[in-house]
Amino acid sequence: MACQWKCKCATIQSSKPLALRERYLKIAPLSTESPIVTTVAELSATPIRTQARQQKPTFRIRPTKGWAAINVRELWKYRDLLWILVERDTKLLYKQTALGVAWVVMQPLIAAIIFTVVFGRVARLPSDGAPYLLFVFCGLTVWTYFSQALQHAGNSLVRNAQLVSKVYFPKLLLPLAQTLRGVVDFTVTLVVLLVLMAIYRVPPTFRLAVLPVFLFFMTLTATGVALWFSALSVKYRDCTHALQYFIQVWMYASPVVYPISMIPEQWRPLFALNPAVGFIEGFRWAVLGHSVLNPNLLCITIVMSLVALFSGAFFFRRAERGFADII
């Protein structure tokens with residue numbers, strides 16, 4: 001009986017692995033007539049880490065060296081991001097405000113009324129035969145856009161520090177978005193100027209078609225100067241406070257509340273090195289029809305605008321490589 005019990009146990013143990021093999025692996029005998037063809041996959045002897053090292057990246061982000069030029073192709077590639085930044089900044093500026101766009105109108109209009117009382121009535125500054133309120137509002141329309149674009153664009157990198165340090169994109173888009181956003185405010189202020197022209201019975205002429213040209217060079221100048229301050233403010237935060245003082249001084253160095261005819265003629269070419277002089281006088285010529293702006297002053301203004309743009313862009317590109325580490 002003991003011998004028979006051992007034989008049965010041995011039979012069960014020998015058949016158990018075979019049953020498990022047929023259950024999980026489902027091995028079936030193949031005949032010579034079976035259509036199934038079995039192949040053995042050849043495994044690569046190269047380790048996975050070695051294969052990963054041999055694969056080269058498709059895009060490498062490297063800092064620029066020396067004085068790098070503006071990468072216009074890259075800016076055009078990220079043009080969708082530019083419009084997103086413009087839309088975002090416009091919504092954030094007027095979000096949860098009671099007056100909304102009315103702030104754009106109130107700021108230059110109230111300033112023009114105050115300047116009219118102080119400089120027009122008390123100081124009795126000349127206005128070249130035009131109503132002083134309209135004369136000053138023309139200058140403030142240009143200067144309000146220029147100063148706000150310069151102030152917002154100059155502080156754009158510091159306000160977007162987290163975006164600069166964590167995401168790669170052309171950092172030039174941040175100041176450029178601020179200068180383009182200001183065009184919306186400029187358009188609203190221009191509507192108020194047309195209303196004042198109707199009140200003072202100043203007829204619009206075809207000279208108004210030249211306004212986009214002055215706006216274009218004004219945008220170039222604001223962008224160029226803002227690139228200097230935005231790049232410097234990353235390393236020196238004093239530039240944020242110095243920019244406000246710089247804008248105030250620049251305003252009184254520009255013919256906003258006084259005409260350029262008060263400047264002696266021999267000093268006007270030197271005075272025209274301030275590019276805001278050409279913009280303001282050109283704007284008044286297009287609206288009021290008379291100004292002392294001549295081709296020489298206009299050429300100096302255009303040259304100074306281009307110098308401000310390219311010098312600021314080259315300096316910005318040189319300092320851009322260290323923004324993420326410093327900011």
Scan the side chains in residues 207-220 for donor-acceptor partners under 3.5 Å anywhere in the protein, sequence neighbours excluded, and list what turns up.
from: Arg207; atom 1: NE; to: Trp285; atom 2: O; distance (Å): 3.2
from: Arg207; atom 1: NH2; to: Thr205; atom 2: OG1; distance (Å): 3.3
from: Thr219; atom 1: OG1; to: Tyr145; atom 2: OH; distance (Å): 2.9
from: Thr219; atom 1: OG1; to: Leu215; atom 2: O; distance (Å): 2.8

Identify the heavy atoms of [X] and [Y] that sit nearest to each other, and give their distance.
X	Y	answer
Ala231	Phe316	CB-CD1, 4.0 Å
Thr221	Ser305	OG1-OG, 2.9 Å
Leu125	Tyr258	CD1-CB, 4.3 Å
Met197	Val287	SD-CG1, 3.6 Å

Side-chain contact, heavy-atom cut-off 4.5 Å: [X] with [Y]?
X	Y	result
Thr189	Thr144	no
Val164	Lys171	yes
Pro259	Pro126	yes
Leu173	Pro170	yes
Leu172	Thr223	no
Gln248	Ser147	no
Met304	Thr301	no
Tyr200	Val195	no

- Task: Show your reasoning for whether salt bridge (Lys or Arg N to Asp or Glu O under 4.0 Å) applies to Lys77 and Glu74.
- Result: CA-CA 5 Å; Lys77 182 180 178 181; Glu74 188 179 32; over 6 Å; no

- Message: Given 3.5 Å as the limit, does a donor-acceptor pair link the side chain of Arg181 with the main chain of Ala149, or not?
- Response: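 Such a contact is absent between Arg181 side chain and Ala149 backbone.
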
- Item | Partners passing salt bridge (Lys or Arg N to Asp or Glu O under 4.0 Å) against Asp89 (at least two apart in sequence or in another chain) |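 Testing Asp89 for salt bridge (Lys or Arg N to Asp or Glu O under 4.0 Å), a comparison that skips the adjacent residues, returns none.
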
Rounded distance (nearest 0.5 Å) linking atom [atom1] of [X] with atom [atom2] of [Y]:
X	Y	atom1	atom2	answer
Leu193	Thr141	CG	OG1	5.0 Å
Thr116	Phe135	OG1	CZ	10.5 Å
Leu140	Ile113	CG	CD1	11.0 Å
Leu174	Leu163	CG	CG	6.0 Å
Met262	Asp128	CE	CG	10.0 Å
Asn160	Ser230	CG	OG	11.5 Å

- Query: Does Arg79 make a cation-pi contact with Trp76 (under 6.0 Å, within 45 degrees of the axis)?
  - Reply: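 Yes, Arg79 lies over the aromatic ring of Trp76.
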
- Message: Taking the basic N atoms (NZ, or NE/NH1/NH2) and the acidic carboxylate oxygens, is any pair closer than 4.0 Å for Glu320 and Arg317?
- Response: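 Between Arg317 and Glu320 there is a salt bridge, with a charged N closer than 4.0 Å to a carboxylate O.
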
- Salt-bridged, Arg268 to Glu265, with N to O below 4.0 Å?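 Salt bridge: no.
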
- Would you please test Gln148 and Gln107 for side chain to side chain donor-acceptor pair (under 3.5 Å) and show each step? CA-CA 11 Å; Gln148 289 185 355; Gln107 182 176 353; 2.7 Å; yes

In the single-linkage hydrophobic clustering (I, L, V, M, F, W, Y; side-chain heavy atoms under 4.5 Å), do [X] and [Y] co-cluster?
X	Y	value
Val117	Ile114	no
Val303	Leu309	no
Ile300	Leu298	yes
Phe186	Leu194	yes
Leu273	Phe271	yes

- Task: Please report the C-alpha distance between Trp228 and Ser311 in whole Å, then the side-chain angles of each, then the deciding distance to 0.1 Å, and finally whether the side chain to side chain donor-acceptor pair (under 3.5 Å) criterion is met.
- Result: CA-CA 8 Å; Trp228 278 96; Ser311 62; 3.3 Å; yes

- Listed by chain and number, what are the ring-ring contact (aromatic ring centres under 6.0 Å, His included) partners of Phe115, not counting sequence neighbours?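 Expected list: Phe119.
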
- Message: Students often mix this up, so state it plainly: with edges at 30° and 60°, are the rings of Phe279 and Phe146 parallel, tilted or perpendicular?
- Response: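 Rings of Phe279 and Phe146: tilted, as their planes differ by 30° to 60°.
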
- Task: Evaluate the ring planes of Phe229 and Phe246, with Trp represented by its six-membered ring, and classify them as parallel (under 30°), tilted (30 to 60°) or perpendicular (over 60°).
- Result: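 Judged by the thresholds at 30° and 60°, the geometry between Phe229 and Phe246 is tilted.
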
- Message: Under a plain distance cut-off of 3.5 Å, with no hydrogens placed, do Ser233 and Asn155 share a side-chain donor-acceptor pair?
- Response: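 No, Ser233 and Asn155 have no side-chain donor paired with an acceptor closer than 3.5 Å.
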
